[in-house]
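Notes follow the structure.
In what follows, chains carry the letters A, B, and so on, assigned in the order in which the sequence lines appear, proteins first and then strands, with residues in each chain numbered from 1. What's counted below: heavy atoms across the whole structure, side chains too, no hydrogens, waters or symmetry copies.
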2 protein chains.
Amino acid sequence: MPHVKTQTIDFDRPLTTVDIVIFTVSEETLRVLLVRRPVGEGEPFPGRWALPGGFIDTAKDADLESCARRKLTEKTGVDVPYLEQLGSYGNAIRDPRGWSATHVYFALMGLDDVELAAGGNASELRWAPVHADITGEALAFDHAEILAAALTRLRSKVEYTSLPAFLMPVEFTLTELQRTYEVILGRELEKKAFRTRVLAADLLDTVPRMQVGANRPAQLYRLRDTRKAHVFARPFGSADAPNAAGMRR
Amino acid sequence: MPHVKTQTIDFDRPLTTVDIVIFTVSEETLRVLLVRRPVGEGEPFPGRWALPGGFIDTAKDADLESCARRKLTEKTGVDVPYLEQLGSYGNAIRDPRGWSATHVYFALMGLDDVELAAGGNASELRWAPVHADITGEALAFDHAEILAAALTRLRSKVEYTSLPAFLMPVEFTLTELQRTYEVILGRELEKKAFRTRVLAADLLDTVPRMQVGANRPAQLYRLRDTRKAHVFARPFGSADAPNAAGMRR
DNA sequence: TAAATAGTGTCTATGAGACACTATCAG
DNA sequence: CTGATAGTGTCTCATAGACACTATTTA
């Protein structure tokens, strides 16, 4: 009898969910994890792609964040290194079942060791590339709008934080990290300025190995603090956008 | 019969509220609006001070933000110039009535023309000064924690945005604006650097009047865009904290 | 006149941007 | 050797910080 207490409250309770926008980078492409909506009786948006998430289980979830972590672990099989709240979205029309609100989390992960183990059926889960117009895709609910907000947040924070380091495999070179910045920002950064800043920030530990290839070997690094992002005093610049900070949230 | 549809959903619905942290500055003091909890049958935290807010009215509120605006207008009688989402807080224990989640908004307003008209009884509503230890006060629910988060957000954004301009009366001098920055940041700023930055940002319109007093008159300004904050490329500095940006959210 | 606050001139230090330069590998 | 990418030296420019200076009012 889950609704015994409801009568003591004067207002109807909105449907409440938690959704997660989780990004990664692979093949020099920013990607977001999507799941396919189930097809069934009374299911909204059957068969459409959606952000991972779902209803809060008030019996199992102690709070919103652990609900988000639970859902992520169910999908990716790993404990994500970076998780923050993006915001919440609630209105009368986003869910055909009624007034609903979703608490949205924003997560980043590297892709070295992970397979999307979950669910069995791989067609139900995919790392979708984030093209320029992905926010126009026919995602379920208002998830296209939420994804757009997450992208804005990501791009904005990448301007002045070390967030891209959370999108890397465990070990990486400075050039690879710079490429991740460039992929997200959609512009090139100046090599010397980038390296000076990142190294001065003391974010990275060198690992005593080099990445070899058909050229001069590159020093490998790994994140020193895998839980907290670094904030640079100034945004990354570029030739055309000397003050490209955008709205920082 | 508000709960007819509930049986189609497998999970219990958390209680859902919207709360607002609204700041202002008066008498060189940062203040937050608090309301007294009602005393009555089944009311949690009776008589305690709390952030303004309450249940979503799914019949009247089209979305979360309009719910927040409705509650603010009920309390302050004005349309607040700055409103953004702070985040959401939900867990099993914050409300004795059950698993609950609140969507929290962050608002700023100037105090020139406003009386707390609402409610009639003035003892139910107050602009509480934000002292160093206000977050230890015995606010209702987890509102002390939410207030602490809002303060962190405010202080963080004041380092690199024009947010304090939204805390000013309609017309103000540069020195008064600088004082507001200093009150919030808890440290003094360098006059010349402050003025150069603010004027270069092209945020303000001069009004063709001066503020007179027992000294040289000061130019009066007003905000050019009363809806959008400006983001400075670098944080405001100080003697002791050349890189005092903190975590920007 | 003094007191008080408004507002400016100017020097220095810091770090980003540009870009050419050197370094070290495979083949 | 060449090709390719890693990594550095160094100059210029913008702007913050410091702080002393001038400006304009009332009493």
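Scored by the side-chain contact (heavy atoms from CB on, under 4.5 Å) test, B:A165 finds B:L177, B:L223 as partners (sequence neighbours excluded). When the salt bridge (Lys or Arg N to Asp or Glu O under 4.0 Å) test is applied to B:D63, no partner is found at least two apart in sequence or on another chain. By the side chain to side chain donor-acceptor pair (under 3.5 Å) test, B:E27 is found to be paired with no residue, residues two or more places apart in sequence or in another chain being considered. Contacts of A:R70 classified as side chain to side chain donor-acceptor pair (under 3.5 Å), with partners at least two apart in sequence or in another chain: A:D61, A:E74. Scanning for ring-ring contact (aromatic ring centres under 6.0 Å, His included) contacts around B:Y181 gives B:F194, B:F236, with sequence neighbours left out. Evaluation of the side-chain contact (heavy atoms from CB on, under 4.5 Å) rule for A:P129 yields A:T29, A:R31, A:H131 as partners, not counting sequence neighbours.
Note: CG (A:L189) to P (C:dA18) measures 10 Å, nearest angstrom. In this entry the distance linking CD of A:E159 with P of C:dA16 reads 14 Å, nearest Å. Going from atom CZ of A:R209 over to atom P of C:dC25 covers 16 Å, rounded to whole Å. Following rounding to the nearest Å, A:E190 (CD) and C:dA20 (P) show an atom-to-atom distance of 11 Å. Atom CZ of B:F236 and atom C1' of D:dG17 are 13 Å apart (whole Å). Look at CG on B:L204: it is 15 Å from P on C:dA6, rounded to the nearest Å.
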Between protein and nucleotides 12-15 of chain D, what N or O pairs are separated by less than 3.5 Å?
none

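Of the N and O atoms on the side chains of A:H103 and A:S88, not one donor lies less than 3.5 Å from an acceptor on the other residue.
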Please tabulate, for the side chains in residues 210-219 of chain A, all donor-acceptor contacts under 3.5 angstrom to protein atoms that are two or more places apart in sequence or on a different chain.
unit_1	atom_1	unit_2	atom_2	d
A:Q211	NE2	A:E176	OE2	3.0
A:Q219	NE2	A:V207	O	2.7

Inset, instruction - Could you encode protein contacts along nucleotides 3-11 of chain D as a string, one character per nucleotide from 5' to 3', using B for base contact, S for sugar-phosphate-only contact and - for no contact, with a heavy-atom cut-off of under 4.0 Å? - result: BBBBBBBB-
